[in-house]
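A quick write-up on the structure given underneath.
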Amino acid sequence: MDILVVLEDSQGSLHRLSKEAIVGAQQLGGSIAALAIGDNASEISNVLSSYDISEIITVEDELVSTYNADGYTEVVKQVIEKESPKIIVAGHTYQTRDFMPRVSAHLNIPFIPDIVSLSDKGFVKQVLNAKLNATISSNREQIILSFQSAAFNEENIQSGSCSSRYFDVILDASMIRSTSEKPFQESLGDVDLESAELLVSIGRGIEKEENIPLAFDLAEVLGAEVSASRPVVDSGWVDSFRQVGSSGCNVAPKLYFSLGISGAIQHVVGMKGAKNILAINKDKDAPIFEIADYAVIGDILEIIPKLIESLKNQ
Amino acid sequence: MKIAVLIKQVPGSESALPLNDKQTWVDESSVTYVMNPPDNFALEEALLIQEKVDDVEVVVVSMGPARVQKVIREGLAKGADRGIHLEENEEVETDPLSIAKKFSDVLKEENFDLIFSGLQSDDTGMGQTGVLIGEILGMSTATLAIETKLEKDQIKIKRELESGWFQWVTLPFPASISIQSGLNTPRYPSLKGIMGAKKKEIKSVLQELNTDQSQNIDNIFVPQTSKQTEIIETDADAAVDRIIEILKSEIKVF
């Protein structure tokens, strides 16, 4: 194989960034194998059977039934050693950021993370808080890459068929140095932001907790869900499951209606895959406007009540 | 107990960022530098442990040219006990594997129980150096801690996962952990701290340029936005009318 895509299990389904990583791998070109690890490996890889890749490799072992960094590192290491892919690819998720550097250190393979696009000279990565881009290259025979959310569009995935096989790993408990407890949510939400068609998203521009209902009212008349940027969640104004960004959800709705969000890079990576971005902000230099389709320069506290009123009359 | 905190000096978020002549990085002479903000949280977490537990030595470690002594001093002024400076006097390296090996060589003999680092740097944003160093030194490693609890010969951390999920992970010592920003409120140095920092030791270890980089920044450039943005700068009523038109006719929300 030329490229190994390491898939991510997101509560029993394939992580969206894993699909995008397959698109990235297809654009790199060559034979592609996708690696699914853990109890949900077969469920995750089912989705892949209609994609144009060479094969799906599944690993099941009780020591990696769910994600733990030491176990995953060992599995990925053994697959790389046996199969010798030239490029190892994954979505740039928190999980990838957790175990991929370990793989890099153990096998001495450079890890070029958070790539936004491919160029003929190398891999393009944002640097200096996304104010500049860098082209990075490597002279090594093997490299590890991770792709930023929305670097590739999952709709561009090429269909086809592929075979699948099990891969036997040799794991023993001594390889797992740290003890990982079961993941948990602090506030249980029944809101699925990642599949929401319309999102009304709140940022610091909402100013105070008393103004939060404005966003919920607007969402209600539009039939949208409410999401938020990190500062709003950190202030305790909305629940953490509504957070969009590198530490929250990765969303790609038909409309992302951004209210008073400045557009820090940590937020933007989680929503720039939206089909339409309509942003309102007082500051005409807010970075959110660089990726917006529609940039409304104005005060949300003045515009939103009027907008709700007009929408009700439609 | 010994804790190392890895701190990097990076261009401040307000700094001008003119490109250098070769367009391979920014022109360092025009840049205002600060302590990498995520590293500031890592340092604070170490200082909080030092306040709670007896006999904790906190050592700030940084790599770079002479200018980085400023952030080492800043760490000392906040309460770290001593500093180590991996001094570069030619080009500044950006290859994480090469950098991690250099740190590992210098830190090996120190036998730190814990290494804390920020989750990523604001300049290159590679987000891996702390883990690489830990792995090279045979330590247990973890990322994105938003809470730490010191236990006997081990540390329990709450890791941040995505979409509002968390996980507790217990790591045996020695451990290298990257710290998520925002888990504490970094202190400012006191005047007494600033005065005291001048007497604290900074050990400099001169680094030779590694000419065999495993990855290399070939050039940097200003991103071009491909998006056509419609700018709507008008009074609130006209803005509302235009927004409704967009929602209705262009995005077809209803």
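Given the structure is predicted, the values throughout are model-derived calculations rather than measurements. So you know, we letter chains A, B, ... as the sequences are listed, proteins then strands, and number each from 1.
Comparing B:Glu160, B:Gln154, B:Arg242, B:Glu233 by heavy-atom pairs within less than 4.5 Å of chain A, the highest count is held by B:Glu160. Between chain A and the residues B:Asp237, B:Leu19, B:Thr24, B:Thr234, the most heavy-atom pairs under 4.5 angstrom are made by B:Asp237. In terms of heavy-atom pairs under 4.5 angstrom with chain A, the leader among B:Ile231, B:Leu161, B:Asn216 is B:Asn216. When each of A:Gln314, A:Gln95, A:Arg242 is checked for heavy-atom pairs under 4.5 Å with chain B, A:Gln314 comes out on top. Interface remark: of the candidates A:Gln243, A:Glu302, A:Glu290, A:Lys254, A:Lys254 forms the most heavy-atom pairs closer than 4.5 Å to chain B. Ranking A:Gly298, A:Ser240, A:Ser180 against chain B, the residue ahead of the rest is A:Ser180, based on heavy-atom pairs under 4.5 Å. The greatest number of non-hydrogen atom pairs below 4.5 Å with chain A, out of B:Leu247, B:Leu171, B:Asp241, B:Asp218, is found for B:Asp218. Options B:Val131, B:Asp122, B:Leu132, B:Asp212 differ in how many heavy-atom pairs under 4.5 Å they form with chain A, and the most are formed by B:Asp122. Ranked by heavy-atom pairs under 4.5 Å with chain B, the first of A:Pro183, A:Cys249, A:Ser146, A:Ala105 is A:Pro183. Most heavy-atom pairs under 4.5 Å with chain B: of the set A:Ala134, A:Ala279, A:Gly270, this distinction falls to A:Ala134. Most heavy-atom pairs under 4.5 Å with chain B: of the set A:Val127, A:Asp98, A:Val296, A:Ile136, this distinction falls to A:Asp98.
Only the backbone of B:Ser181 has a heavy atom closer than 4.5 Å to any heavy atom of chain A. For A:Leu278, the part lying under 4.5 angstrom from a heavy atom of chain B is the side chain only. Heavy atoms of A:Gln11 lying under 4.5 Å from chain B belong exclusively to its side chain. Using a 4.5 Å cut-off between heavy atoms, A:Val116 makes no contact with chain B at all. At a 4.5 Å heavy-atom cutoff, the contact between A:Lys121 and chain B is made by backbone atoms alone. Residue A:Asp114 does not touch chain B at all, counting heavy-atom pairs closer than 4.5 Å. For chain B, the nearby part of A:Phe289 is the backbone; its heavy atoms alone come within less than 4.5 Å. For chain A, no part of B:Gln23 is nearby; none of its heavy atoms comes within less than 4.5 Å. With a 4.5 Å cut-off on non-hydrogen atoms, A:Ile291 touches chain B through its backbone but not through its side chain. For chain A, no part of B:Ala100 is nearby; none of its heavy atoms comes within less than 4.5 Å. For A:Ser246, the part sitting under 4.5 Å from any heavy atom of chain B is the backbone (N, CA, C, O) and nothing else. Contacts between A:Ile109 and chain B at a heavy-atom distance below 4.5 Å involve the backbone alone (N, CA, C, O). Of the two parts of B:Ile133, neither the backbone nor the side chain holds a non-hydrogen atom closer than 4.5 Å to a non-hydrogen atom of chain A. Interface remark: B:Leu97 contributes side-chain atoms only to the contact with chain A (heavy atom separation under 4.5 Å). Proximity to chain A (any heavy atom under 4.5 Å) is shown, for B:Val10, by neither the backbone nor the side chain. The contact between A:Ile303 and chain B is made by backbone and side chain atoms together, counting heavy-atom distances below 4.5 Å. Heavy atoms of B:Leu144 lying under 4.5 Å from chain A belong exclusively to its side chain.
Once rounded to the nearest 0.5 Å, the distance linking CG of A:Asn281 with CD1 of A:Ile288 reads 8.0 Å. Between the CD1 atom of A:Ile115 and the CG atom of A:Leu145 there is a distance of 4.0 Å, given to the nearest 0.5 Å.
In the model, B:Lys101 has a side-chain atom that pairs as donor or acceptor with a side-chain atom of A:Asn108 under 3.5 Å. A:Arg230 and A:Gln266 share no side-chain donor-acceptor pair at under 3.5 Å. In this structure, a donor-acceptor pair under 3.5 Å is absent between the side chains of A:Arg16 and A:Ser10. Between the side chains of A:Tyr67 and B:Gln167, no donor-acceptor pair is found at a separation under 3.5 Å. Side chains of B:Glu162 and A:His15: a donor-acceptor N/O pair is present below 3.5 angstrom, by distance only. One side chain, A:Gln148 or A:Gln126, offers a donor N or O that lies under 3.5 Å from an acceptor on the other.
Here the shortest heavy-atom pairing between B:Pro186 and B:Phe41 reads CD-CE2, 3.5 Å.
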(request) Could you walk me through whether A:Glu74 and A:Lys77 pass the salt bridge (charged side-chain N to carboxylate O under 4.0 Å, His left out) test, one step at a time? (result) CA-CA 5 Å; A:Glu74 195 53 39; A:Lys77 202 173 109 181; 3.7 Å; yes
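Put simply, the side chain of B:Ser140 never gets that close to the backbone of A:Ser178: no donor and acceptor are under 3.5 Å apart.
Other residues, nucleotides and ligands place no more than 12 heavy atoms under 6.0 Å from the CD atom of A:Glu220.
Taking 4.0 Å as the cut-off between side-chain N and carboxylate O, B:Asp39 and B:Lys8 do not count as a salt-bridged pair. Using a cut-off of 4.0 Å between Lys/Arg side-chain N and Asp/Glu carboxylate O, A:Glu181 and B:Lys156 are scored as salt-bridged.
Using a 30° and 60° split on the angle between ring planes, A:His92 and A:Phe111 fall in the tilted class, from 30° to 60°. Between B:Phe166 and A:Phe184, the two ring planes are tilted [angle within 30° to 60°].
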